[in-house]
Amino acid sequence: MSDETPYPVFLLSDHTGITVEKLARSLLSQFTGLEFDIHTIPFVDTAAALCSAVDRIDASAEAAGVPPLVFATLIDAPLREQLRGCRGTVFDIYAVLLGPVAEALHAEATPRRGQTHGGADNGYLDRIGALEFALATDDGVAVKRYQDADLILIGLSRSGKTPTSLYLALQYGLRAANDPLTEEDLDSPQLPGRLRSFRHKLIALRIEPERLHRVREQRRPGSRYASLEQCRREVRQFETMLAGLDIPVLDSSRMSIEELAASVVRMVRSEE
């Protein structure tokens, strides 16, 4: 498999595949510079359907020379066990999540196919709705939907806004939009006009220039965008803007996504 060949990915679901596709694509989007050949296989709800899917995965492994990534939301335990025998690297989303949840609740799960779209509790539906909102408003897209946001993360490009927004949605059910401040925005020390009416929802993520430089180098090595000089300039301009704003600020330089999200939740809840 050459460096230019997209990495094979299979998304398996015993229902429509919407949930596993959103989750997998959100995760894979964090690996910039890599290309993926994604195959979604919905309604894998019988042994025959799974055998067909496994044949496709194994054939892909043979052709590509690498084990495909396999993300699955199969509720049936025998089917999940059968899937583990394929030649892919399997990420069984239910296996990862159901066990810890059952342990925390001291209760047995009662698996039912299609729960995520019909019979799930409101909390789960809130998280899925929040995830869809985070994806729809990622990177300053759909500004008109900011009025529906629980919060809006602002910051420089590659300062951790997107993964934090997604984690807030999946873990806490918060509708978190994120808005990257461009060079044009930073030319003025004033808050961009599109954000002024939402000032009460803003939380800023600042980042040290050296850390920003390292992160951007991974995405666009050797570019002006990633240069330390450019990063220092943008950080300096952003901090000048923040000095004139009375909004919460978190430093993403050394905080994990989990720590950032937990800090955001404390801020949001303290204002309720």
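Along the sequence shown, residues carry numbers from 1.
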With Glu217 via side-chain hydrogen bond (donor to acceptor under 3.5 Å, both in side chains) - residues at least two apart
none
Which of Val268, Val265, Asn178 passes side-chain contact (heavy atoms from CB on, under 4.5 Å) with Leu168? It is Val265
Indicate, with yes or no, if Leu195 and Ile203 share a hydrophobic cluster defined by side-chain heavy-atom contacts under 4.5 Å among Ile, Leu, Val, Met, Phe, Trp and Tyr.
no
Across all chains, not counting sequence neighbours, the side-chain hydrogen bond (donor to acceptor under 3.5 Å, both in side chains) partners of Glu239 are Arg206
Student check: side-chain heavy atoms of Val54 and Gln82 closer than 4.5 Å:
no
Report yes if the side chains of Thr19 and Ser13 come closer than 4.5 Å at any heavy-atom pair, otherwise no.
no
Heavy-atom side-chain contact between Asp185 and Arg194 under 4.5 Å
yes
Could you list the cluster mates of Phe133? Members are the ILVMFWY residues connected by side-chain heavy atoms closer than 4.5 Å, either directly or through other members.
none
When rounded to the nearest 0.5 angstrom, what is the spacing between CZ in Arg158 and CD in Glu234?
13.0 Å
Say you draw a straight line from CZ of Arg211 to OG of Ser252; how long is it, rounded to the nearest 0.5 Å?
8.0 Å
Going by the side-chain contact (heavy atoms from CB on, under 4.5 Å) test, name the single residue among Leu12, Ile93, Asp14 that passes it with Val20.
Ile93
Is Arg233 salt-bridged to Glu229, going by a charged N under 4.0 Å from an acidic O?
yes
A quick test of your reading: do over 12 heavy atoms of other residues, nucleotides or ligands sit less than 6.0 Å from CG of Asp246?
no
Side-chain donor-acceptor pair under 3.5 Å between Asp55 and Ser52, yes or no?
no
Taking only residues two or more places apart in sequence, or in another chain, which ones meet Glu259 in a salt bridge (charged side-chain N to carboxylate O under 4.0 Å, His left out)?
none
Steps toward side-chain contact (heavy atoms from CB on, under 4.5 Å) verdict (Glu208, Arg254)
CA-CA 9 Å; Glu208 294 176 357; Arg254 296 181 180 84; 2.8 Å; yes
Pro192 side chain near Glu184 side chain, heavy-atom distance below 4.5 Å:
no
Classify the angle between the aromatic ring planes of Tyr146 and Phe198 as parallel (below 30°), tilted (30 to 60°) or perpendicular (above 60°).
perpendicular
Please say whether more than 12 non-hydrogen atoms of neighbouring residues, nucleotides or ligands are located less than 6.0 Å from CZ in Arg196.
yes
Scan for side chain to side chain donor-acceptor pair (under 3.5 Å) pairs involving residues 22-33, sequence neighbours excluded, and state none if there are none.
Glu21-Arg25
Donor-acceptor contact present, side-chain Asp150 to main-chain Arg175, <3.5 Å:
yes
Is there a side-chain contact between Leu153 and Val264, using heavy atoms and a 4.5 Å cut-off?
yes
Any residue meeting side-chain hydrogen bond (donor to acceptor under 3.5 Å, both in side chains) with Arg87, in chain and number order, not counting sequence neighbours:
Glu62
Got a second to check how far Leu245's CG is from Thr240's OG1, nearest 0.5 Å?
11.0 Å
Walk me through it: do Leu74 and Leu83 pass the test side-chain contact (heavy atoms from CB on, under 4.5 Å)?
CA-CA 9 Å; Leu74 304 179; Leu83 178 61; 4.1 Å; yes
How are the rings of His39 and Phe10 set relative to one another: parallel (under 30°), tilted (30 to 60°) or perpendicular (over 60°)?
parallel
Does the side chain of Arg224 come under 3.5 Å of the side chain of Ser227 through a donor N or O and an acceptor N or O?
no
Provide the closest heavy-atom pair for Pro67 versus Tyr7 in the form atom of the first, atom of the second, distance.
O-OH, 3.0 Å
As an exercise, state the distance from CG of Leu166 to CG of Leu135, rounded to the nearest 0.5 Å.
5.5 Å
